[in-house]
Amino acid sequence: MSLSLEKIKIFRIKGFLSLSLLVILGVYTISSCRPKSQNDAVTPDGDFPPAIANIIINKCATTGCHNAASYSLSANLLLDSWEHLFQGSISGSVVIPYCTKYSLLLYRVNTDSTLGLVIPPAQPPTIDPTKPVPTLSRDEYMTLFNWIQNGAPDKNGNVAFASDPDTRQKIYLAEQGCDLVSVIDAKSGLIMRYISVGPDSTRIDAPHSIAVSIDGMSAYVCYYSSDYIQKIDTRTDKVVATVNIGSFLPGGGGGSWGNIVTSPAADTALAVTNWQVYPSGAFVSLDANPLQSEFHFGLSDFVYPHGIAGNYAFDTLFIAAEYGNTIYRFSRTALNIIPQPNPVKIITLDGKPSITYPPGISEDPHWIKMSPDYSKYFVTCENSNEVRVMDAHTDTLIATIPVGIFPQEGDMSYNPATPYLFVYCLEDATTYPGTGASGSVYVINYNTYKVVQVIYGDFARPHQLAVDDRDGFVFINSTNSDIKGPPPHHATACGGRAGWYSIYKFGPNSFTPLNTIRYQTTVLPYSMATRFSTPNQ
């Protein structure tokens, strides 16, 4: 957690949920967008089902709007075919299969607020005043609505992004302000599905951290405002199991589940930290198949635990105390020895006596990441603005790497050709003054401990990122949680202030934006995880 962002997240979430976004940007003035693929001949019906083609082809893919000649001036949204629809616009996805609540296309053609969100001016617009164009009728709107609700298939019944469920590369993004997990298709960069999460329908559970299993077939999410772990089947993108882990702690957990890690050798176990269970902290270890609690440990043993990582055998866990200089080394195997030795070893980053409170007087470790060979671990230090490299066997300091202001989470490339640790620095000054941009991403060679590049981009209070080694992309998430940041492209049915993610292409010593698209999310996009991006995949 952090004093500047994480300790006030619940206040912000409540504020976001009460906001009503009234000012809508119709079209960005960004000129460079991802080009559309127009190699295939477009059929007269655009491969839409007949009733949908009658609406989209005849009323949307027209001169001055979303046809091939005009779409670059119309939010870069090309609607002359089903394939082009699913290449999105300057704000990312406009139709998300099975999800009417967050499909922008419906917002823009709706004129009846009882049917859903309305974003004026209603589409299609009248280009020539002498030839007024009527907006969609209620029946036409409901035709589109029902089509999207049923997956928005083409005329042959194909649903976008539904092929190759066992192998499709995806990024999972926990959207903390709306109880959603967005599923990003890594190849197109677009949100392909939304998963409604959070077992308590009466409030926002606030999905805070998400992790993907070693085999890529499961994702796990924990919550800041409730005491649950939920398991998602990544082939179907459905929640398949829910466990109340707070029930294993004296008095309940009370939320504050901060970080989750999965076992690297097999999808057999996971562990999650609880940042501020009174009076100190705790973590719970769980069996993954089936999802159930294995044991809990804490209260007197951990103080403000947050970052967590495990060795390859997952019999040793490293847990960062958020404030001070302390790392806890926890031995799971010690629990099986009678008489039991103390399973917790205290490690300090600076060799001085252990400090766990108050913040701001020592390193303040936040996040831990193991190296690909598990011989060392990297710790981001919020107060000292550095990354510390520790020997995983001797728990001694190997190197100290200065970085930007307030480093927090990140991710790692496991490709030997690009041995990079990516760490975002929340409060680093931007090189884009006057744009609302904020924060940076430090790219560190984890073999040499040298900073390769500092990325200053179109970010707004970035939190978490995800590396796609398969395609060579970095997905950088912007929470956009500061009211002084850029206004969202459009409102969503969730309300509040939407964030976005940006995509960077990386190679040896070179990291450049893939495009200028802000792939808009909903409120407070917070934690990202990549499917099929670990040492053994």
Side-chain angles (χ1 to χ4, degrees), residues 1-9 174 176 208-211 222 224 256-261 271-276 280-283 302-310 317-330 346-350 354-371 376-390 395 397 399-412 421-428 438-442 444 446 461-466 476-477 479 481 524 526-529:
M1 308 302 152
S2 72
L3 290 177
S4 62
L5 176 62
E6 303 216 16
K7 287 195 73 176
I8 59 176
K9 63 170 66 68
Q176 187 166 282
H208 185 74
S209 182
I210 192 164
C222 64
Y224 192 80
S256 301
W257 297 98
N259 218 321
I260 189 168
V261 63
V272 57
T273 55
N274 189 302
W275 180 63
Q276 54 182 5
S280 52
F283 83 91
F302 303 101
V303 180
Y304 294 119
H306 184 261
I308 184 169
L317 298 173
F318 300 89
I319 303 170
E322 176 78 0
Y323 305 132
N325 64 352
T326 301
I327 303 294
Y328 302 104
R329 182 186 182 112
F330 180 84
I346 302 296
I347 303 161
T348 60
L349 295 171
D350 54 10
S354 173
I355 301 170
T356 56
Y357 197 82
I361 64 172
S362 193
E363 288 84 1
D364 291 354
H366 182 81
W367 177 76
I368 302 179
K369 188 73 171 179
M370 302 298 297
S371 63
K376 54 198 172 187
Y377 53 93
F378 299 81
V379 184
T380 60
C381 301
E382 293 176 335
N383 185 55
S384 56
N385 300 323
E386 61 195 15
V387 173
R388 296 221 164 186
V389 188
M390 303 290 290
D395 298 313
L397 181 67
T400 299
I401 308 168
V403 294
I405 300 174
F406 218 73
Q408 290 196 324
E409 278 88 356
D411 201 2
M412 180 178 286
L421 174 71
F422 298 82
V423 174
Y424 80 85
C425 298
L426 182 67
E427 297 179 4
D428 224 10
S438 60
S440 68
V441 175
Y442 272 66
I444 300 166
Y446 55 67
R461 295 189 70 79
H463 191 278
Q464 193 54 282
L465 53 85
I476 301 174
N477 175 48
T479 63
S481 58
L524 207 62
Y526 210 73
S527 174
M528 303 184 96

Would a 4.5 Å heavy-atom cut-off, applied to side chains only, mark [X] and [Y] as touching?
X: Met412; Y: Phe378; value: yes
X: His463; Y: Leu426; value: no
X: Asp395; Y: Ile327; value: no
X: Thr400; Y: Arg388; value: yes
X: Glu409; Y: His366; value: yes
X: Met390; Y: Leu397; value: yes
X: Ile444; Y: Val403; value: yes
X: Leu349; Y: Cys381; value: yes

Apply side chain to side chain contact (heavy atoms under 4.5 Å, CB included) to the pair Cys425 and Ile405, showing each step before the final yes or no.
CA-CA 6 Å; Cys425 298; Ile405 300 174; 5.7 Å; no
What's the separation between atom [atom1] in [X] and atom [atom2] in [Y], rounded to the nearest 0.5 Å?
X: Ile368; Y: Phe318; atom1: CD1; atom2: CZ; value: 8.0 Å
X: Phe330; Y: Ile308; atom1: CZ; atom2: CD1; value: 9.5 Å
X: Thr380; Y: Tyr442; atom1: OG1; atom2: OH; value: 14.0 Å
X: Asn385; Y: Phe406; atom1: CG; atom2: CZ; value: 9.0 Å
X: Gln464; Y: Ser527; atom1: CD; atom2: OG; value: 5.0 Å
X: Ile346; Y: Tyr328; atom1: CD1; atom2: OH; value: 5.0 Å

For the student: nearest non-hydrogen atoms of [X] and [Y], plus distance:
X: Ala321; Y: Pro365; value: O-CG, 3.0 Å
X: Ile260; Y: Ala211; value: CG2-CB, 3.8 Å
X: Ala466; Y: Asp411; value: CA-OD2, 3.4 Å
X: Asp428; Y: Ser440; value: OD2-OG, 2.7 Å
X: Ala309; Y: Val261; value: CA-CG2, 4.3 Å
X: Ile347; Y: Tyr377; value: CD1-OH, 3.7 Å

Report yes or no: does [X] contribute a side-chain atom to a donor-acceptor pair with the main-chain N or O of [Y] at less than 3.5 Å?
X: Ser438; Y: Arg461; value: yes
X: Ser209; Y: Asn259; value: no
X: Asn325; Y: Ile355; value: yes
X: Tyr323; Y: Val303; value: no
X: Asn383; Y: Glu363; value: no

Side chains of [X] and [Y] only: does a donor on one sit below 3.5 Å from an acceptor on the other?
X: His208; Y: Tyr526; answer: no
X: Tyr424; Y: Gln408; answer: yes
X: Thr326; Y: Thr356; answer: no

